[in-house]
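Sharing a structure below in structure tokens format, with a few things to ask.
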Amino acid sequence: MRRFRKILIANRGEIACRIIWTCKEMGISTVAVHSTADRDSLHVRFADEAVCIGGPTSSQSYLNIPSVIAAAEITNVDAIHPGYGFLAESSYFAEICEACNIKFIGPRPDVIRLMGDKVEARRAMKEAGVPILPGSPDPLKSEDEARALAREIGYPVIIKAAAGGGGRGMRIVRTEEEFGHAMQTAATEAAASFRSADLYVEKFVENPRHVEIQVLADEHGHCIHLGERDCSIQRRHQKIIEEAPSPALTPELRERMGATAVAACRRVGYSSAGTVEFLLDEDGQFYFMEMNTRIQVEHPVTEMITLADIVRNQILVAEGKPLWYKQEDVLFVGHSIECRINAEDPQTFAPSPGLITAYNAPGGPGVRLDTAAYPGYVVPPYYDSLIAKLVVHARTREVAIARMRRALEVMVVEGIKTTIPLHQGVMEDPYFRAGEYSTRFMEQFFERRKIQGGLAASGGA
Amino acid sequence: MRRFRKILIANRGEIACRIIWTCKEMGISTVAVHSTADRDSLHVRFADEAVCIGGPTSSQSYLNIPSVIAAAEITNVDAIHPGYGFLAESSYFAEICEACNIKFIGPRPDVIRLMGDKVEARRAMKEAGVPILPGSPDPLKSEDEARALAREIGYPVIIKAAAGGGGRGMRIVRTEEEFGHAMQTAATEAAASFRSADLYVEKFVENPRHVEIQVLADEHGHCIHLGERDCSIQRRHQKIIEEAPSPALTPELRERMGATAVAACRRVGYSSAGTVEFLLDEDGQFYFMEMNTRIQVEHPVTEMITLADIVRNQILVAEGKPLWYKQEDVLFVGHSIECRINAEDPQTFAPSPGLITAYNAPGGPGVRLDTAAYPGYVVPPYYDSLIAKLVVHARTREVAIARMRRALEVMVVEGIKTTIPLHQGVMEDPYFRAGEYSTRFMEQFFERRKIQGGLAASGGA
Amino acid sequence: MSANDQNQSQPHGGERGTGAAAAPQAEASGAGASERAPRHGRRRRGRTEQKPQQAPRRAESALNMDELRELTELFTAHGLTDFEFENADIRVRLSRNPAPAASGAQAVSAQALTPHDAVQSAASAAATSAGAEGAARAVGATTAAESTEEELHIITSPIVGTFYRSPAPTADAFVKVGSRVEHDTVVCIIEAMKLMNEVLAETTGTVAKVYVENGQPVEYGQPLFGVKK
Amino acid sequence: MSANDQNQSQPHGGERGTGAAAAPQAEASGAGASERAPRHGRRRRGRTEQKPQQAPRRAESALNMDELRELTELFTAHGLTDFEFENADIRVRLSRNPAPAASGAQAVSAQALTPHDAVQSAASAAATSAGAEGAARAVGATTAAESTEEELHIITSPIVGTFYRSPAPTADAFVKVGSRVEHDTVVCIIEAMKLMNEVLAETTGTVAKVYVENGQPVEYGQPLFGVKK
């Protein structure tokens, strides 16, 4: 067991700030690394030290492992927090940290590697007794094998890239006639995106919800869960609104899904914070999708309803400390919703980097804002478009929605386009308000909007 | 029972914004009133309508009853929320509202009048079985009577103005020799400050804590409490840091104080939100001080640990609705601290109005900011110096303190002096950190500081 | 609430809100009241209106680069040759050699940095170029109106309330455009809390403008009349 | 963690952090290294040091180099001839002779009142009057150095790491002030992840400045040498 004096944050933007806040609360010094494009970023300002590690593109800087490690060496840090994205799920990076005697704040490299391979992860989960969707246990060897399997599972099926994510290399196939073409396209996409054409096929669930369980595990075999997040509101497989608890879960189902996630983590020797993602069908059956071996963008909704600080727990268990609480000590209070404020066109989702000319952060009861934005900040075009996470908390879901509407109304971000008007539209949507939605929500939302005359009709930007 | 469509907020600054937030969440339109000095204030911007009601001084505007009522008439509102200060505890104003068929959001005028008169309030509380400090039940008629009473109570005693508040017209007397002079001074101050020289005398408690109970009552006789706030950290009898729960209360004592406050409210037919202030001595004995018949500055700490929206409850009960929850439905989770960020010198407390040249609002986990400030805002010299309330919430008091330190560190308010460095000093103070403090804390804090070489030594501005 | 009934009757004819409508409006102004779009004490604040004023401005710098940038751009856009600004905290001066002139709108004298005031200077521009009519139409604030309508003395509302031009719905207006006023001439009534408050001219001259319509709510400081000396 | 031991030895003599101290420092610069206040890759961010480079600028430094630069660009872009700005902390005046002379040093005189800015204005003053020498000494940012030291080509660090002037602690420095360099001349080593990365001059000329001390951590883009063509 060690005590970290100084941590390097190998990330940028809101999550780098988020991690700095907790380090400050724990009395740990922080080192920010940044590209030349991020000299004026808040994480650079609020960290105790800052090192420029390269040019503006991610590959020159935030993905540049030698630069990050060299920055860690010259600042003599004890540990690196990778945040999400960039190097967060690189088992190679985690190994290098280990080799350099710098603690990687996350699970062991072999666990990252295992969970990063969809086929291997599926196998491990099956062995742990976690329900998985009927489908191929191994990468498909031929189209014939795939067809036979699809027939066995029953249509519709989905073809996925083994190394995939974010919707690339995915194809839904509803009839056998479509199969050949879909499989070829998926293989091409997979090869282009992930340098591996390996595919597998599984049952396609029609109106599923994306429900994920937040887990916390230490290096001594203790593991608990902090309940679920419902992340079904997605566009192009990117989450944009998340909430906790899920409107679809009963306490009994929550307990079952939580116990399943914990069992999965125990099985693979997981430590640190992690997320087990499930597909939940309309009958309350849930199936393992994947495990994210890092802090997630949407972790604040869980923090709001549990009062836990997930980053603090990551750091404590990385120091080798046992989890300080047991499953029965976990609180669940109220309801929380997060809206991702992206610098993009709310209708076309085209990125909208540039100068923030006017800015007002909402405050008051039950509002949390995680951001690195400020008036005068220039959103660079090189990185993802997330500029702020607006999170609300209230005793009930109804008040949480009202609060989010209010917070969106008084949040001012000018000079660039943002997703604020889109979120305002969703908060007014009767299906969202009723909690009746699946991962197809955004698609259906835009269809309804089109019928009603477009987003502009309800006050879009 | 009615439903408010539109509410006028007869206040300014952070509390006006705070009330607007809740109105927006409830779908109620808002009217801001403002002085000529407050044209650029956020409450003017975020309200649906705004009316300039007079010149910069409070008496020309926010205390100008005909102007406020006329503004309510021309905007055709259903109700007026008075906030705190200004007209919030004017029974006369409440009566005029009633006469104009505008609902005053607060208790009935007669209850305001009763609780506004210290002697009458004391009598009513005594009748309700609320413990009060030994002392004169009526205004003192002569110095001789007062002396006799003081002898009966036993020194030290305190002489207070019947209509007083905020420390004016108060004198502590430790020996009989000091009595005559102290009484004359108190009478002079009372006459000057409150246009009434009426005084009373009571037992003086040596190292008391200021612990107050938040109550909620509807117009149908239901009354609950939301626990206590510890407001002992005061300078010159002005609260500057508040927390909930109090480090000094046991669950048993909390229950007794809460039940006492509820009994007191029931006795006087109280409705709306209110606060019963108690003096708590070192032996756990508590004594009624006064009741505040309005929303209080420090209400957010209670909102944080209960997830209640006190302003929402005020509005609902003013509409005639019954309280939606019972005492057993009240949640208590975690620990909350509020620091009042005032535009004043952190050492001398001299007001420091002026232009805010740079500003950064802290965010992230467990941080709430109630403010009307923004970069470029000019803090006018006409009103009180409170510019922001920084509130944190965490599972434990220890983490709450760490969080407050972090939030104070990343909060930037430049161009004017603020109390931020003072709060940073208190957060480092071993007595505060141990929860061992009384209303004499600030006095002792500055003494310790002086010994250590002044505030500057610990990073004061 | 028991007071509900006793307050429903309005001295100025009918119930609150309808009394105004009942009052004669034909003579509400001598020069086209409807064009004036007078500013309401009750104003619905659209986004566009609110933004320029508040827009919590750039946090980090006293120099406020954004404002300077905007200022410089405005300066160029309007073809200015000289600009000075000063208040308790700040002093700014810009100038340009007038050599490559040709721009028409050089007369604007922007007097403030905030976008809010930019609205006002737009109004001043109108006032300067197009002459009298424009300014008060766009501008609500007393000060701007006073400074831009060179010749007119502005009578502003001393209180919040409802503006009436005549002592009774069927009576003649106290004053019209062209009326001569003395210091003690009653120019209108502002009703507040059921009280009829007479407003005196407190100047001498001839009424040149009526900014507010009969029965309209007015706020403190709102321009009511323009008087030519 | 099992890797703890194997990484303790540093190729450049001893353990991390001490190797630097062991390396020869006497020849760190030909012209008084201590005066150059070279910028550290690992910088403990004192208020004064971090301001000029980092964004959300504290108002204490009401004006920094970036803003001055932007201001000057605005000034030129808009063809201004005069600019003044003043507040409680700072006063800035820019002016240009309207005669379109193509002079390079058109009298930027910034008079900053805060101690921090005093450094910068001292630098600008030096740059304007005395010319070359002064500026880059005080200013760490690459761009500033490039623009003010007219004649020098700046070799910057291509990676993050630790700067070594010689191949071994006891060896001679690769280059000193006065050394002639060609494109393929090795000027220093940057150690990162136990690897010694040779940095080539990639220009020709004579070394005029050494901005970094031996054994000092450097960040990406940090100026290492100034080369006179």
Atom pair OH/CG of Tyr220(D) and Asn64(A) - distance to nearest 0.5 Å: 10.0 Å
NZ on Lys194(D) to CD on Glu73(A), rounded to 0.5 Å: 4.0 Å
Ser35(A) versus chain D, the contacting section by heavy-atom distance below 4.5 Å: neither
Nearest heavy-atom neighbours spanning Ala70(A) and Ala192(D): CB-CB, 3.6 Å
Name of the residue among Val68(A), Val51(A), Ile69(A) meeting side-chain contact (heavy atoms from CB on, under 4.5 Å) with Val160(D): Val51(A)
Residue pair Ile65(A) / Met193(D): nearest heavy atoms and the distance that separates them: O-SD, 4.3 Å
Side-chain heavy atoms of Glu219(D) within contact of Val33(A), under 4.5 Å: no
